[in-house]
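FYI, side chains are in, hydrogens and waters are out, and symmetry mates aren't considered; it's all heavy atoms of this structure. Each ligand, and each atom within it, is numbered from 1 in the order the structure gives.
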Amino acid sequence: MKPRVILHNAVSADGRMDWFRPNLEAYYELAGRFEEDVTLVGSGTLLGSPEGETISREPDEIIEARKADSVDDRPILAVPDSGDRVKNWVYLRSLPFWRDVFALSSSTASPEQIDRFKRQRVPYFLSGRTKVDLAASLSAIGGRFGAKTIRVDSGGTLNGALLREGLVDEISLLIHPQYVGGISPRTLFRAEDLTAADGVIDLELAGNETLAGGLIWLRYNVITKSLIGLPED
Ligand SMILES: NC(=O)c1ccc[n+]([C@@H]2O[C@H](COP(=O)([O-])OP(=O)(O)OC[C@H]3O[C@@H](n4cnc5c(N)ncnc54)[C@H](OP(=O)(O)O)[C@@H]3O)[C@@H](O)[C@H]2O)c1
């Protein structure tokens, strides 16, 4: 069964993800409440982080995967990376946030990439011709790890692909009292423009809290996942 997919993002009051000053303490405190089995992180988010350079180069040494530990309830880190940009999986595995990693790539992954997964003993799943098939990957995550909840920690690109494919169940937004503006698409939902209103996603308000510092935490359930009105491939 497909796990429940939750997008959790910090945004400015005009829906942007750039320039504003996120309250990271509040963001991660709320993220922790989801107690996800798997954190799905966009490759753009990992590579754009301060550790991006380390993540994009081959590791100096191979660190063995931790032995399965029944009391380790940390989530698995899953990363769609059809472009073979993440090269240091052992570094990601060594971080304290996750108990192991899971690589998602396309079925046309290069032999070098498969070799890298094997050398670094990274479990992986191949799907999709050029980009990762997200629906198939979510099912594989559910089957392999028995995952019931996936929290997505990504920018607007992965959010957009998941939303347009009707794969999101819940949206959690931490809205900051800041306005950014701009015409570049650095919003929390990056996707092709619709061609008809049928593609609009209807939401049901599931929670609404005002937090310290003028932050607002909104939670929505996705109630329609219409694929009509989307641009032709
Ligand atoms: N404010 C917040 O809450 C928050 C949270 C997280 C990140 N961020 C920020 O977001 C920025 C990065 O965002 P981003 O939008 O550039 O990148 P991103 O969403 O983090 O990464 C793009 C991901 O989408 C995948 N993808 C793209 N098109 C796809 C498709 N058609 N089918 C399947 N998968 C697809 C890519 O896979 P491939 O590699 O296979 O193409 C990649 O894993 C960073 O600046 C980060 O700090 C903000």
Exercise for the section: Any chance you could lay out the side-chain contact (heavy atoms from CB on, under 4.5 Å) test for Glu170 and Arg219, step after step, and finish with the verdict? Expected result: CA-CA 7 Å; Glu170 183 177 334; Arg219 287 178 72 176; 2.6 Å; yes
Practice task
Record the part of Leu134 in heavy-atom contact with ligand 1 below 4.0 Å; permitted values are side chain, backbone, both and neither.
Solution key: side chain
Practice task
Could you tell me whether some N/O pair between Ser82 and ligand 1 is separated by less than 3.5 angstrom?
Solution key: yes
Problem - Option with minimal heavy-atom separation from atom 31 (N) of ligand 1, where the choices are Lys131, Arg190, His176 - result: Lys131
Handout entry: Audit row: Ile201, Val168, side-chain contact (heavy atoms from CB on, under 4.5 Å) steps and yes/no
Key = CA-CA 10 Å; Ile201 298 167; Val168 177; over 6 Å; no
Practice task
Please report the C-alpha distance between Tyr124 and Asp81 in whole Å, then the side-chain angles of each, then the deciding distance to 0.1 Å, and finally whether the side-chain contact (heavy atoms from CB on, under 4.5 Å) criterion is met.
Solution key: CA-CA 11 Å; Tyr124 62 93; Asp81 179 37; over 6 Å; no
Problem - Shortest heavy-atom approach to atom 11 (C) of ligand 1 - which of Met17, Arg85, Arg186 - result: Arg186
Exercise for the section: Look at the rings of Trp89 and Phe117 and say which category their plane angle falls in: under 30° parallel, 30 to 60° tilted, over 60° perpendicular. Expected result: perpendicular
Handout entry: Heavy atom of the protein closest to atom 33 (C) of ligand 1 (residue, atom name, distance)
Key = Val132 O, 3.3 Å
Handout entry: Numbering as shown, the atoms of ligand 1 that approach Tyr27 to under 4.0 Å (heavy-atom distance)
Key = 3 (O), 5 (C)
Problem - N or O contact, Gly44 vs ligand 1, cut-off under 3.5 Å - result: yes
Exercise for the section: Could you check atom 10 (O) of ligand 1 against the protein and tell me its nearest heavy-atom contact, residue, atom and distance included? Expected result: Gly155 CA, 3.3 Å
Problem - Basic-acidic side-chain contact under 4.0 Å: Glu192, Arg164 - result: no
Exercise for the section: Would you confirm whether any non-hydrogen atom of the protein falls under 4.0 Å from atom 47 (O) of ligand 1? Expected result: no
Completion exercise
The reported gap from CD1 in Ile175 to CH2 in Trp217 (rounded to nearest 0.5 angstrom) is 12.5 Å
Fill in the blank from the handout: At under 4.0 Å between heavy atoms, what of Arg16 touches ligand 1? The answer is neither
Practice task
Answer with yes or no whether Gly48 contacts ligand 1, where contact means a heavy atom under 4.0 Å from a ligand atom.
Solution key: no
Problem - Residues Arg129, Ser82; criterion side-chain hydrogen bond (donor to acceptor under 3.5 Å, both in side chains); working and verdict - result: CA-CA 9 Å; Arg129 264 192 321 129; Ser82 61; over 6 Å; no
Practice task
Identify the protein heavy atom lying closest to atom 37 (O) of ligand 1, giving its residue, its atom name and the separation to 0.1 Å.
Solution key: Pro80 O, 3.5 Å
Completion exercise
Among non-hydrogen protein atoms, atom 20 (O) of ligand 1 lies closest to Thr45 OG1, 2.5 Å
Problem - Atoms of ligand 1 close to Asn9 [distance to a heavy atom under 4.0 angstrom, numbered from 1] - result: 2 (C), 3 (O), 4 (C), 5 (C)
Handout entry: Check: Asp14 side chain, Val180 main-chain N or O, donor-acceptor pair, under 3.5 Å
Key = yes
Problem - Verdict with supporting geometry, His8 and Glu36, side-chain contact (heavy atoms from CB on, under 4.5 Å) - result: CA-CA 11 Å; His8 175 62; Glu36 76 268 19; over 6 Å; no
Exercise for the section: Give a yes or no on whether a salt bridge exists between Arg16 and Asp18, defined as a side-chain N under 4.0 angstrom from a carboxylate O. Expected result: yes
Exercise for the section: Look at atom 16 (O) of ligand 1 and say which protein heavy atom is nearest, naming residue and atom and giving the distance to 0.1 Å. Expected result: Thr157 OG1, 4.0 Å
Problem - Protein residue, atom and distance nearest to atom 39 (O) of ligand 1, heavy-atom basis - result: Ser43 OG, 2.8 Å
Fill in the blank from the handout: shortest atom 1 (N) of ligand 1-to-protein heavy-atom contact is with Ala10 O, 2.8 Å
Handout entry: Of the listed options Leu158, Leu162, Val79, closest to atom 25 (C) of ligand 1 (non-hydrogen atoms)
Key = Leu158
Handout entry: Test item: Arg99 side-chain N/O and Arg74 main-chain N/O as donor-acceptor pair under 3.5 Å
Key = yes
